Amino acid sequence: MITGLDHIAIAVPDLQKAIERFAEDFGLTLSGQEDVAAAQTSTAFFPLSSTSIELVHPLEGAGPIAKYLEKKGGGMHHLCFRSDNLDEDVERLRNKGYQFLTETPQSGAHGCRVIFIHPKSCDGVLIELNQPTNA
Ligand code: CO
């Protein structure tokens, strides 16, 4: 079951500059930065009352975010729903014809298991589903 909007991710060409914008200009609190090697991303999270803003930047200049930035220069990258049973939700959605970017969930930020639904299954929006490994 999907239980909430976990975060919205923005792809950024300059991570430090974007962190300063969200922290100093917008007054949000940076909860932490994390490199997710499996996803080839550097991330920074700004939790809000019931969700977070995630900044995503290519880790070591490579990976899917690098390609996104080449094409678009930055922008709204994905939104992420929190699930309390990821495997069940993936199976349910697969049975309805949804396509996923990977066969199985991968490791994401904060030690979550994550999987992405292909944008062509959701009117062009990239949607991530995640489940904390301790839930
Ligand atoms: Co994300």
Side-chain angles (χ1 to χ4, degrees):
M1 192 175 82
I2 287 169
T3 59
L5 181 63
D6 190 88
H7 61 261
I8 291 166
I10 301 166
V12 298
D14 184 330
L15 186 56
Q16 286 315 313
K17 205 170 144 191
I19 287 171
E20 280 169 30
R21 177 182 307 119
F22 279 83
E24 286 160 32
D25 302 346
F26 299 162
L28 303 188
T29 301
L30 176 68
S31 68
Q33 287 184 247
E34 180 181 346
D35 289 343
V36 184
Q40 292 181 280
T41 59
S42 282
T43 68
F45 280 87
F46 295 88
L48 295 167
S49 58
S50 62
T51 190
S52 292
I53 300 289
E54 176 188 22
L55 304 179
V56 284
H57 181 77
L59 178 62
E60 293 166 1
I65 301 299
K67 287 187 193 127
Y68 179 92
L69 292 175
E70 263 169 42
K71 251 196 254 170
K72 309 208 174 180
M76 252 286 303
H77 186 257
H78 65 268
L79 56 87
C80 175
F81 288 121
R82 170 66 57 91
S83 168
D84 62 2
N85 190 331
L86 191 59
D87 295 321
E88 195 180 275
D89 281 325
V90 169
E91 195 191 336
R92 184 173 55 80
L93 293 170
R94 265 212 178 102
N95 289 339
K96 289 185 164 214
Y98 283 82
Q99 291 183 39
F100 288 82
L101 295 190
T102 56
E103 202 49 44
T104 54
Q106 314 285 311
S107 57
H110 306 147
C112 286
R113 295 171 68 230
V114 309
I115 194 162
F116 287 87
I117 302 172
H118 197 291
K120 72 185 175 192
S121 293
C122 300
D123 295 320
V125 178
L126 180 60
I127 294 182
E128 176 185 6
L129 303 175
N130 79 4
Q131 181 179 18
T133 41
N134 58 3

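Keep in mind the model is a prediction, meaning the values are calculated, not measured. Atoms within each ligand, like the ligands themselves, are counted from 1 in listed order. Residue indices begin at 1 and follow the sequence shown.
- Protein contacts to the Co ion (ligand 1) involving N, O or S atoms at a distance below 2.8 Å are H7 NE2, E54 OE1, H78 NE2, E128 OE1.
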Item checked: Test side chain to side chain contact (heavy atoms under 4.5 Å, CB included) applied to Q33 and I19, step by step -> CA-CA 10 Å; Q33 287 184 247; I19 287 171; 3.5 Å; yes

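- Every residue was checked against the salt bridge (Lys or Arg N to Asp or Glu O under 4.0 Å) condition with R21, not counting sequence neighbours, and none meets it.
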Notebook entry, point to check: Would R82 and N130 count as a side chain to side chain donor-acceptor pair (under 3.5 Å) if you check the C-alpha gap in whole Å, the side-chain angles of each, and the deciding distance to 0.1 Å?
Noted result: CA-CA 5 Å; R82 170 66 57 91; N130 79 4; 3.0 Å; yes

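- You'll find the side chain of F100 stays beyond 4.5 Å of the side chain of T102, heavy atoms only.
- Closest approach of A44 and L15 over heavy atoms only: CB-CD1, 4.4 Å.
- The closest side-chain heavy-atom distance from P105 to D87 is below 4.5 Å.
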